[in-house]
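The next block holds one structure in the form of structure tokens; read it before the comments.
Both backbone and side-chain heavy atoms feed into the values below; hydrogens, waters and symmetry mates do not. Counting convention: from 1, in listed order, for ligands and their atoms alike.
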Amino acid sequence: MRAARTAVRWGVRHGLPAVYLRRSARSGDPVGRLLRDPAVRENPYPLHEEVRSRGPLSPSSLGLVTASHSTAREVLRSEHFGVGWDRSAAPGWVRWALRFGDDPDAAGVAEPPSMLVVDPPDHTRFRRLVNRAFTPRATAAFEPSIQRTADALLDDLGRGPDRVDLVTSYAAQLPVLVIADLLAVPTTRREDFLRWGAAAAATLDPGLPLRRYVTAERALRSMHAFLRGHFDRLRRDPGDDLVSRLVGLPEDEALTERELHATVMLLLGAGFETTMNLLGNAVVLLDRHRDQWKALLADPSGWAGAVEETLRHDSPVQLTGRTAKADVTVAGRQVRKGSRLTVLLGAANRDPEVFPDPTRFDIGRADAREHLAFSAGIHYCVGAGLARLEAEIGLRSLAERFPELRVTGTPERRDLRTLRGFEHLPVALR
Ligand code: HEM
């Protein structure tokens, strides 16, 4: 029965979209190519320009698409767009397949009730509960422990070989240890989290092949099983952390078991899957712009700007989607209720109307912070402040410890479309 469920889940969420995407990619459709074409995965930016040249909002095989900063911002902030979609409008067999394939023990981060994909009022309820842990003051309180974690990792690196994979030895480790601390999960399980997180990240892309999906689902099941034990432990012996607070909410505020899993799983995954990409992307960009690396060594006050410019120039989350909740006009175009809209965050962040000479990487860019790398509106990244702090401390500490660090060989991109980062980043530390 479970195998049948898995097959149906895969079919409706990935198998059929894959057929459709392959066909639309072959016909040259930009969104199809973004999600399927291997060359585009390596470098999506020329395709983004093709989309931009078609105007602020253009049709694609998957609904409308925008590469425009002002249109993206307007849509993300608009109450007329949501992240949920009306299942009742789907054909009967799709509704059946979604119902039959539904399995809370295998649910991923982009399935309801994950706050990423639910609209108010549920979204407001979840968001209010987690926001408290991410206020500027709460985030700043993490600074000493982030610094300690970075220093310990760098000490380890210093004792090891000169040539390492910076992703596996540092860029992935720092964020996973920080989020483990925040969620009170044992750091001894960090290699499991990294494996599970990679699987969760893959499910963000539609059209996953069956074999990859089955691996991902197995990882998601392990993650849910781990979380069940974690919640039980914290119910018995609560600490002063976010998860203890979530499992111990008073009855009138309490989350259902499914909501609890969705919320904590999202925090755990989003907490490191994206930040590791930011760290890797920054190191590669600064290696290619050695003068700016040297300028940062001479004046570390520039690191905040370097982080913003990396977020803008090579965004760790490349795209998101919205659905029109009503008939609405956007960028002078009628958008019908129920229409899907793909927002190319990575392209909006290179919009020449906002960022002069947008392809230039410049850590001194005054308006880099205008980027939409953390989205906008009610789904604006809850961990943005934490990610900025981690990246600033992580990169500054790395550069100070290994000022001669150089990328050696060709960094290998992760096989992902929604997220953008490196799987392997070979470097010489000294
Ligand atoms: C460089 C690092 C990061 C990037 C680029 C990033 C990016 C994003 C983006 C683009 C969204 C919104 C997607 C949309 O509008 O559809 C988002 C949402 C979210 N992020 Fe992040 N994120 C990062 C780090 C983090 C961290 C460190 C955490 C947690 C500790 C986190 C937790 C979340 C959560 C919970 C949401 C859902 C918010 C909601 O739906 O209201 N993120 N992130």
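- Annotation: cation-pi geometry satisfied between Arg413 and Phe422 (NZ/CZ under 6.0 angstrom from ring centroid, within 45° of ring axis).
- If you check each of Ile378, Leu267, Thr320 against atom 16 (O) of ligand 1, the one with the closest non-hydrogen atom is Thr320.
- Scanning Val317, Leu345, Val118 for the heavy atom closest to atom 7 (C) of ligand 1 points to Val317.
- If you check which protein heavy atom lies closest to atom 29 (C) of ligand 1, you get Gly271 CA, 3.8 Å.
- Side-chain contact between Arg322 and Thr342 is absent, with no heavy atoms from C-beta onward closer than 4.5 Å.
- Looking at Val382, Asn131, Thr275, it is Val382 that brings a heavy atom closest to atom 35 (C) of ligand 1.
- The proximity of Ala270 to ligand 1, defined as any non-hydrogen pair under 4.0 Å, involves the side chain as well as the backbone.
- Using a 4.0 Å cut-off between heavy atoms, Phe134 contacts ligand 1 through its side chain alone, with no backbone atom that close.
- A pairwise comparison of heavy atoms in Gln173 and Thr168 identifies NE2-O, 3.1 Å as the closest pair.
- Of the residues Val283, Asn281, Leu286, Ile363, the one that meets the side chain to side chain contact (heavy atoms under 4.5 Å, CB included) test with Thr310 is Asn281.
- For CG of Asp299, the number of neighbouring non-hydrogen atoms (other residues, nucleotides, ligands) closer than 6.0 Å is greater than 12.
- Closest protein heavy atom to atom 40 (O) of ligand 1: His379 ND1, 2.7 Å.
- With a heavy-atom cut-off of 4.0 Å, Gln318 does not touch ligand 1 at all.
- Heavy-atom proximity to Met115, at under 4.0 Å, picks out these atoms of ligand 1: 37 (C), 39 (C), 40 (O), 41 (O).
- The nearest protein atom to atom 23 (C) of ligand 1, hydrogens excluded, is given as Thr274 OG1, 3.1 Å; this is a heavy-atom distance.
- Using bins of under 30°, 30° to 60° and over 60° for the plane-to-plane angle, the ring pair Phe374/His371 lands in the tilted bin.
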Note to self: Before you tell me yes or no, could you show the steps for Leu157 and Phe402 under side-chain contact (heavy atoms from CB on, under 4.5 Å), namely the whole-Å CA-CA distance, both residues' side-chain angles and the distance that decides it to 0.1 Å?
What the structure shows: CA-CA 10 Å; Leu157 278 181; Phe402 300 112; 4.1 Å; yes

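- Using a 4.0 Å cut-off between heavy atoms, Val130 makes no contact with ligand 1 at all.
- Considering Leu116, Thr139, Leu183, Val178 only, the shortest heavy-atom separation from atom 37 (C) of ligand 1 involves Leu116.
- In summary, the atoms of ligand 1 found under 4.0 Å from a heavy atom of Ile179, numbered by their order in the structure, are 30 (C).
- Close approach of ligand 1 to Arg322 is summarised as follows: ligand atoms under 4.0 Å from at least one heavy atom of the residue are 14 (C), 15 (O), 16 (O).
- Taking every non-hydrogen atom of Leu278 and a distance limit under 4.0 Å, the qualifying atoms of ligand 1 come out as 1 (C).
- Regarding atom 6 (C) of ligand 1, its nearest protein heavy-atom neighbour is Phe374 CD2, 3.6 Å.
- Each of Leu129, Val264, Val247, Leu267 was scored for a side chain to side chain contact (heavy atoms under 4.5 Å, CB included) with Leu242, with one residue passing: Leu267.
- Taking the six-membered ring where the residue is Trp, Phe361 and His313 present perpendicular rings, their angle passing 60° and hence far from 30°.
- Taking only non-hydrogen atoms, the option from Cys381, Ala387, Ala373, Ser315 nearest to atom 10 (C) of ligand 1 is Ala373.
- In this structure, Ile378 and Arg77 have side chains that are not in contact, with every pair of non-hydrogen atoms separated by 4.5 Å or more.
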Next item on the list: Show your working on side-chain contact (heavy atoms from CB on, under 4.5 Å) between Ser114 and Val117 and close with a plain yes or no.
Entry: CA-CA 6 Å; Ser114 159; Val117 288; 4.1 Å; yes

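- Close approach of ligand 1 to Arg127 (heavy-atom distance below 4.0 Å) involves ligand atoms 38 (C), 39 (C), 41 (O).
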